[in-house]
Amino acid sequence: MRLIKLLSLAMIVVSATCTAKPLDSGKFMKENVNFSKKQINKEIKMIEKSGKLLNPTTLKKDGTVFYCDYTDWRSGFFPGSVWYLYQLTKDKTYLPLAKKYSKAIEEAKNITWNHDVGFMIGCSFGNGYKLTKDPEYKDIIIQTAKSLSTRFRKVPGIIQSWDADKGWQAQRGWQCPVIIDNMMNLELLFEATRLSGDSTYYKFAVSHANRTLAEHFRPDGSCYHVVDYSMVDGSVRHRQTAQGYSDESVWSRGQAWAIYGFAVCYRETGNPVYLNQALKTFAFMKNHPRLPKDLIPYWDMDAPKIPDEPRDVSSAACIASALYEISTFDIPNASSYKLYADRILYSLGTPAYRAKLGTNGNFLLMHSVGSIPHNSEINVPLNYADYYFLEALSRKKNIEAK
Ligand code: GLY
């Protein structure tokens, strides 16, 4: 009996040692950067051969690649991924390509009919500016901030995400719908103030962040997708969802946007309330009883058929990237956020999520979800999952180089 007990204890220790064995970080980085390079090179070769400025976005239902135009909210992610490849590999052949693919979407700087210009221009020209300091890119970033600022609504003190009188949004009866995703557009406003000296953009970003902090979150730290404000008195009219399972459910990508967006606000302002919110939302996801062991969330943590529900790799990649940033802040237990981000990234790098070379429409990662309520992009690759994966690799590399 005693022997059996001892043997089982030994087995537990051995298996704990095996599962706890840390992955060789250098080897992981090298292998994943090499893979990303080879996979994206295949796509670049195809694009260059076509003679067109194609912008790969996702896979269509027939398995072919969907290429978007500059007006699509996802148009900045592929150029941004090429900028990250340039940064990660120092391979100069990426530089003219990153410039050319960014230039192809420049007109997005003038879009005033939605809030997504921060994603479009920030991920493309924003990264380009960090790497080249090209004055033309600076002007493009400032022009984009001007366009985004036209959507600031004084009465609720918020940037309106979607127009309420067009498309499927017009069916919802909203006045001033704001989605948590909008937090991701604030980084461009902070940058525009730095570049132009005009503090208006900074003030709009802070006002938006403060109102979102007050209205978008539940006591447990999770967030709503959509909050609709009154244009008359600024009050909240509805708290709802558009891409989640239900109004009260936890749409995973929304939580990722919140964690990332408020971490950026803390970086830019130093106001600890923003960091507290990012950490609270992260803790909610981390401790969620339905979060799978491999740390890749379901598309919605309240989806009814869990565990038989699609995962959303894009939310995992975005959370990992945000956690690398958080781990660089001068805060208690900063390194624990890096360790958790490493665990997500290692999971994304396994064959369960990372595609085989030459498959998956030449996208890096599989298994993301665009919008189940719209029956659109379910269990597919998405260019923003790849973008945040590359950004996470780049942040990990910079942290480990120190
Ligand atoms: N910003 C749109 C989405 O997260 O699907």
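Both ligands and their constituent atoms are indexed starting at 1 by order of listing.
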Below 4.0 angstrom from a heavy atom of [X], which ligand 1 atoms are there? Numbered from 1 as shown, please.
X	answer
R253	3 (C), 4 (O), 5 (O)
Q243	3 (C), 5 (O)
W257	4 (O)

Item checked: Contact (N/O only, under 3.5 Å) between W73 and ligand 1 -> no

Item checked: Protein contact to atom 2 (C) of ligand 1 [nearest heavy atom, distance to 0.1 Å] -> D181 OD2, 3.1 Å

Check: Just checking, any donor-acceptor pair under 3.5 angstrom between side chains of Q277 and T281?
Finding: yes

Checklist line | Contact check, side chains of L186 and Y201, non-hydrogen atoms, under 4.5 Å | finding: no

Next item on the list: Evaluate the side-chain proximity of K61 to N375: yes if any heavy-atom separation is below 4.5 Å, no if none is.
Entry: yes

Notebook entry, point to check: Y298 and W251: aromatic ring centres closer than 6.0 Å?
Noted result: no

Notebook entry, point to check: Do R218's NZ or CZ and the ring of Y224 fall within the cation-pi criteria of under 6.0 Å and 45°?
Noted result: yes

